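So you know, we letter chains A, B, ... as the sequences are listed, proteins then strands, and number each from 1. Keep in mind it's a predicted model, so treat the numbers as computed, not measured.
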There are 2 protein chains.
Amino acid sequence: MAQKGNLMIYRPDIKVLDATIRDGGLVNNFFFTDDFVKALYQANIKAGVDYMEFGYKASKDLFDEKAYGKWKFCEEEDIRAIVGDNNTDLKISVMADVGRTDYKRDIIDKKDSVIDMIRVATYINTIPAAIDMIEYCHNKGYETCVNIMAVSTADSKDVEQALEMLGKSSVDVIYLVDSYGSLYPEQVRELTETYCAVAEKYGKKVGMHAHNNQQMAFANTVESVAFGASYLDATMMGMGRGAGNCILEGILGFLRNPRYNVVYVLKFIQEYMLPLKEQGLVWGYEIPYLLTGMLNRHPGPAIDKIKMGDKNYVGFYHVLWDREN
Amino acid sequence: MAQKGNLMIYRPDIKVLDATIRDGGLVNNFFFTDDFVKALYQANIKAGVDYMEFGYKASKDLFDEKAYGKWKFCEEEDIRAIVGDNNTDLKISVMADVGRTDYKRDIIDKKDSVIDMIRVATYINTIPAAIDMIEYCHNKGYETCVNIMAVSTADSKDVEQALEMLGKSSVDVIYLVDSYGSLYPEQVRELTETYCAVAEKYGKKVGMHAHNNQQMAFANTVESVAFGASYLDATMMGMGRGAGNCILEGILGFLRNPRYNVVYVLKFIQEYMLPLKEQGLVWGYEIPYLLTGMLNRHPGPAIDKIKMGDKNYVGFYHVLWDREN
């Protein structure tokens with residue numbers, strides 16, 4: 001294994017993506033105020049963040065519009081109400097789930113959109129459907145990205161085959177996604193090298209999306225950078241489902257790239273994120289997440305446990321052992 | 001760089017040290033009840049933990065007995081009141097700070113003590129004094145250990161020289177200590193390899209003591225294992241000064257050694273640690289610790305900031321930039 005660069009230099013290929021609205025939206029069903037989203041957009045521009053993800057491009061046929069805020073759907077006019085024509089260096093992305101997006105209806109030509117990148121989220125068993133979406137979006141003129149979710153549960157030979165298939169597609173960036181927050185740094189190093197080997201062969205980039213179930217989201221992101229990943233997902237204060245994500249305030253402090261400035265992230269946190277916490281939104285590491293992460297399980301049962309205020313960790317551990325969740 | 005072992009196997013050389021009373025004592029001035037310490041001792045035995053650190057061997061000439069609980073001083077009879085003759089596989093350690101321990105008076109012959117290991121804590125500039133203490137304790141019959149604190153602020157040539165000096169001493173274990181929680185995994189890998197190279201040359205072992213200022217205590221400990229460290233400090237729920245330490249519940253879940261059983265740690269946490277939190281004891285990651293860690297500073301100003309309930313992170317960052325703390 002070989003490291004790429006070290007702490008004294010910087011890697012010009014690094015791109016940081018703020019996923020606060022998209023992954024954080026899983027905490028509050030995407031009910032962010034326009035004031036919040038506008039301030040986040042401005043903070044990201046000033047902090048030198050490369051991409052801001054506005055949310056999902058979910059189909060309104062499948063999800064009740066009243067049950068979710070607008071960033072579940074990311075209509076063109078809603079994004080434009082925040083960014084105008086987005087005459088800035090900050091690029092805009094949205095996530096489109098395989099099977100939950102009516103992409104042939106809802107994803108318009110890039111020339112008519114302020115969106116720069118479509119990120120296709122897929123499990124290992126829906127890679128062919130993901131590739132159809134990627135080709136569609138690529139042909140519409142977008143940068144494309146694929147997030148292979150829950151890779152910790154996929155067989156390593158399937159992962160290799162999926163990477164080969166994606167290598168031959170038009171996708172620009174392939175993301176390593178630790179959905180269950182179960183990967184240890186040595187696994188991240190190994191997977192990053194596997195992804196990078198294929199990416200280099202086909203001229204793609206590799207990204208990292210980490211979860212904090214075992215308090216390792218930031219460390220694992222840093223490890224993926226050291227071993228070749230260049231697209232890095234993070235959120236303000238790590239806001240995201242369950243234990244949350246890699247902390248944006250951490251990753252900008254770690255990176256030596258001169259265009260990043262962490263102070264604007266700190267300013268946004270104290271002015272906009274702390275009030276969310278005070279309003280009662282809950283995310284971040286707790287012991288039940290450690291246990292689902294440790295056992296490589298979906299965090300769903302841990303989220304339920306924490307909502308109920310149940311602190312019987314021993315009982316929860318037994319339940320996780322005894323049943324498939 | 002070469003990894004030692006991987007996640008499918010286990011390393012029989014691994015030793016886990018529970019430092020809950022010692023590092024956690026910095027949170028409550030060592031005022032733990034006997035009931036708490038007895039239950040912790042039993043939990044560690046059942047969980048298969050290798051060492052339990054009872055506290056400091058501080059001089060009563062230098063510290064006011066009334067201001068601290070008894071584990072600041074670790075009198076022989078106080079330890080015996082918990083462990084009797086300690087006829088178990090769990091070994092007992094105490095920490096002795098250079099300059100704060102009257103070791104020639106307070107450290108008795110090993111044959112008369114239930115203590116197994118003396119851990120000498122030193123800064124890089126007091127290595128000769130540390131070696132005097134090590135030789136004294138070694139000659140008294142104890143296992144000995146040296147913790148070189150705040151290594152992130154030491155010049156790397158000084159570290160190399162200190163390691164050579166310690167290599168030639170009687171010390172058994174040399175600890176890498178990230179007092180400020182400022183090290184990133186790639187630095188931990190590099191330092192672990194530096195420490196291990198000297199340790200192998202002289203027949204010593206290497207240990208890791210991490211702090212969680214940047215949410216990396218557990219990840220950095222895991223990284224130090226992967227690159228050769230074998231003595232690992234951790235505490236229940238990460239209890240320790242400021243942002244706290246590596247989580248014992250995490251490290252036992254990570255290690256594949258068959259003698260460890262994390263369930264007894266979970267049981268102790270829900271029965272004994274959660275009440276400490278409810279009583280108002282405060283430790284664990286917060287943004288001010290990220291900032292002191294990021295800037296490689298002592299966490300003192302962050303501890304003060306958090307005690308005051310001051311959430312002006314931007315102002316704090318400016319102050320840290322502008323002055324030496």
Side-chain angles (χ1 to χ4, degrees), chain A residues 1-3 5-7 183-190 212 214-223 225-227 237-238 246-247 249-250 252-254 262-271 273-274 277-278 284-285 287-288 290-291 293-295 310-318 321, chain B residues 1-3 5-7 183-190 212 214-223 225-227 237-238 246-247 249-250 252-254 262-271 273-274 277-278 284-285 287-288 290-291 293-295 310-318 321:
Chain A
M1 288 188 292
Q3 255 190 224
N6 66 40
L7 273 176
L183 297 178
Y184 293 110
E186 66 187 79
Q187 296 169 295
V188 169
R189 289 199 301 273
E190 205 174 301
N212 205 34
Q214 299 207 75
Q215 298 190 348
M216 291 200 175
F218 180 26
N220 279 343
T221 302
V222 160
E223 282 303 80
V225 175
F227 287 83
M237 268 186 113
C246 173
I247 49 175
E249 58 275 23
L252 292 197
F254 166 76
V262 73
V263 176
Y264 294 99
V265 172
L266 297 175
K267 188 164 182 286
F268 182 83
I269 287 173
Q270 70 189 56
E271 291 175 359
M273 299 304 291
L274 294 180
K277 287 269 185 189
E278 281 158 21
Y285 171 79
I287 286 177
L290 175 76
L291 301 180
M294 194 185 282
L295 297 171
D310 184 341
K311 304 287 176 89
N312 181 359
Y313 302 142
V314 173
F316 184 57
Y317 189 67
H318 290 324
W321 261 119
Chain B
M1 287 189 291
Q3 254 190 224
N6 67 40
L7 273 176
L183 296 178
Y184 293 110
E186 65 187 80
Q187 295 170 295
V188 169
R189 289 198 302 273
E190 206 173 300
N212 205 34
Q214 299 206 74
Q215 297 191 348
M216 291 202 173
F218 180 25
N220 279 343
T221 303
V222 160
E223 283 301 81
V225 176
F227 288 84
M237 270 187 112
C246 174
I247 48 176
E249 58 276 23
L252 291 196
F254 166 77
V262 73
V263 177
Y264 294 99
V265 172
L266 297 175
K267 187 162 183 287
F268 182 83
I269 287 173
Q270 69 189 55
E271 291 175 0
M273 299 304 290
L274 294 181
K277 286 269 185 190
E278 282 158 21
Y285 171 79
I287 287 177
L290 176 77
L291 301 181
M294 192 184 283
L295 297 172
D310 183 342
K311 303 288 176 87
N312 181 0
Y313 303 143
V314 173
F316 184 57
Y317 189 67
H318 289 324
W321 261 119

Going by an N to O cut-off under 4.0 Å, is there a salt bridge joining A:R189 and B:E223?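 B:E223 and A:R189: salt-bridged.
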
Non-hydrogen atoms of chain B under 4.5 Å away: do they reach the side chain of A:I269, the backbone, both or neither?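 Looking at A:I269, just its side chain touches chain B.
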
Measure A:Y317 against the heavy atoms of chain B and call it side chain, backbone, both or neither at under 4.5 Å.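 When you check distances to chain B, only side chain atoms of A:Y317 fall under 4.5 Å.
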
Side chain, backbone, both or neither: which part of [X] has a non-hydrogen atom closer than 4.5 Å to chain A?
X      : result
B:N220 : neither
B:V265 : neither
B:V222 : side chain

About how many Å separate [atom2] of [Y] and [atom1] of [X], when rounded to the nearest 0.5 Å?
X      : Y      : atom1 : atom2 : answer
B:L290 : A:L266 : CG    : CG    : 8.0 Å
A:I247 : B:Y285 : CD1   : OH    : 3.5 Å
A:Y313 : B:E249 : OH    : CD    : 9.0 Å
A:F218 : B:Q214 : CZ    : CD    : 5.0 Å
A:E271 : B:K311 : CD    : NZ    : 14.5 Å

In sequence, state the C-alpha distance, the side-chain angles, and the governing distance for B:M237 and A:I287, and then conclude on side-chain contact (heavy atoms from CB on, under 4.5 Å). CA-CA 8 Å; B:M237 270 187 112; A:I287 286 177; 3.9 Å; yes

Hey, are B:E186 and A:N6 close enough side-chain-wise for a donor-acceptor pair under 3.5 Å?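 No, no side-chain donor-acceptor contact under 3.5 Å.
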
Listed partners of B:Y264 passing ring-ring contact (aromatic ring centres under 6.0 Å, His included), at least two apart: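 With neighbours one apart ignored, the set is empty.
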
Between A:Q270 and B:V314 (side chain of the first, backbone of the second, donor and acceptor by atom type, cut-off under 3.5 Å), is there such a pair?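 The answer is yes, because a donor-acceptor pair under 3.5 Å joins these two groups.
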
